[in-house]
Amino acid sequence: MEDRKRIVVKVGTSTVCHPNGAPNLRRIEKLCRTLSDLKNTGHEIILVTSGAIGAGTHKMKLESRPKSIAGRQAAAAVGQCELMSIYDRFFLDYGSLTGQILLTKGITENETGRKNVIATLNALLEMQVIPIINENDSVATEEIVYGDNDTLSAVVAAAAKADLLVLLSDIEGLFDTDPTLYPDAQLISIVHDYDKAREAASGSHSEHGTGGMITKIHAATIAREAGIETVLTSGADPNVLYDICEGVSVGTLFTVKEEES
Ligand code: GLU
């Protein structure tokens, strides 16, 4: 456990929301229970969550994600409250306190801002609080247009000097070809060569999130530069986090080590 003590877990919109954008309560509850349990066994957990725009779109009864940036920012403002209130309640049920941190690229790339974020994260973890992070979508136009929470979670993992980054997605891991098009696609369980991984990635997008496979490899690359391994796997059953913490092989592990010859 010691070498996987501080863990950043990123959940995508397709993990925490139903296809219509409504929060997936059963999944979120399971996630909160598992993360609380892992915290109780000594892990330090940082949760990076997407889903604000999806949840807001649903709550405001909009037909689809707004097309305009301002519309998406409004949806994020509504959805972020909704998400946090759900997380806060479920985590509390399992004895965990939470704290919300909304970040922008501007903050994380500014030296003072970054230092402050690191100090706040460390203080929260020391106080046994689970930080819940999202991009501040309502003010960060660049996030919605270019950004994604895969990258954000890797930046957070690097800043927090995490021991592991876990990307929970709607796909089992990285495949040698697009599994939605080719049923015989093979899961790649370990990645040493990130350039080869990029070639294998289809770049396919899930309907509700903004991240595709390429952004996951980009995130793993940022983590690797900070000496952090990344596990990419499906978030369908949050219990998978127990296996990951115990070092069981699930999904795709992006290793920091060179391939043994
Ligand atoms: N921050 C966005 C949200 O909460 C999602 C970004 C992403 O899908 O990576 O809706």
Side-chain angles (χ1 to χ4, degrees), residues 8-25 27-28 31-32 46-60 62-88 98-109 117 131-158 165-171 201 203-223 230 232-236:
V8 174
V9 177
K10 181 259 170 178
V11 283
T13 301
S14 52
T15 297
V16 294
C17 292
H18 291 293
N20 67 358
N24 185 331
L25 297 175
R27 179 87 52 71
I28 298 176
L31 178 70
C32 295
I46 298 173
L47 178 62
V48 177
T49 183
S50 301
I53 299 174
T57 301
H58 176 264
K59 196 170 187 185
M60 292 194 286
L62 306 175
E63 261 169 37
S64 58
R65 282 165 81 95
K67 301 230 173 340
S68 72
I69 292 176
R72 287 200 294 275
Q73 291 183 305
V78 172
Q80 182 65 28
C81 286
E82 163 95 335
L83 267 189
M84 272 317 290
S85 126
I86 294 167
Y87 277 124
D88 204 40
T98 59
Q100 171 184 261
I101 302 185
L102 296 179
L103 296 175
T104 62
K105 219 175 177 182
I107 295 171
T108 49
E109 285 180 357
V117 170
I132 302 184
I133 298 176
N134 195 358
E135 188 111 28
N136 195 345
D137 293 330
S138 297
V139 299
T141 53
E142 79 270 30
E143 192 272 342
I144 293 173
V145 179
Y146 305 109
D148 63 89
N149 275 359
D150 295 321
T151 307
L152 176 69
S153 64
V155 168
V156 166
L165 170 63
V166 180
L167 303 175
L168 292 182
S169 177
D170 53 3
I171 189 159
S204 59
H205 289 236
S206 76
E207 204 188 329
H208 290 273
T210 52
M213 195 50 78
I214 290 294
T215 69
K216 290 177 175 48
I217 297 171
H218 179 60
T221 307
I222 295 172
T230 299
L232 166 65
T233 191
S234 163

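First listed ligand is number 1; within each ligand, the first listed atom is number 1. Worth knowing before you read on, the calculation uses all heavy atoms, side chains too, and leaves out hydrogens, waters and symmetry mates.
Within the 4.0 Å heavy-atom shell around ligand 1 one does not find Gly12.
Among the atoms of Asp150, none of the N or O lies under 3.5 angstrom from an N or O of ligand 1. Residue Lys10 has no N or O atom closer than 3.5 Å to an N or O atom of ligand 1. Looking at ligand 1, you'll find an N or O of Ile53 within less than 3.5 Å of one of its N or O atoms.
If you number the atoms of ligand 1 from 1 as listed, the ones under 4.0 Å from a heavy atom of Asp148 come out as 9 (O). Here is the list of ligand 1 atoms found below 4.0 Å of a heavy atom in Asn134: 1 (N), 3 (C), 4 (O).
The stretch residues 74-85 participates, sequence neighbours left out, in these salt bridge (charged side-chain N to carboxylate O under 4.0 Å, His left out) pairs: Lys59-Glu82.
Considering only heavy atoms from C-beta on, Leu47 stays 4.5 Å or farther from Ile133 through its side chain. With contacts defined as side-chain heavy-atom distances shorter than 4.5 Å, the pair Ser50/Lys10 qualifies.
Counting heavy atoms under 4.0 Å from ligand 1, residue Asp137 touches it through the side chain alone. The residue Thr215 has no part lying near ligand 1, judged by heavy-atom distances below 4.0 Å.
No donor-acceptor pair under 3.5 Å is formed between the side chain of Asn149 and the backbone N or O of Gly12. Checking side-chain atoms of Glu135 against main-chain N and O of Thr104 turns up no donor-acceptor pair under 3.5 Å.
Side chains of Asp88 and Thr98: a donor-acceptor N/O pair is present below 3.5 angstrom, by distance only.
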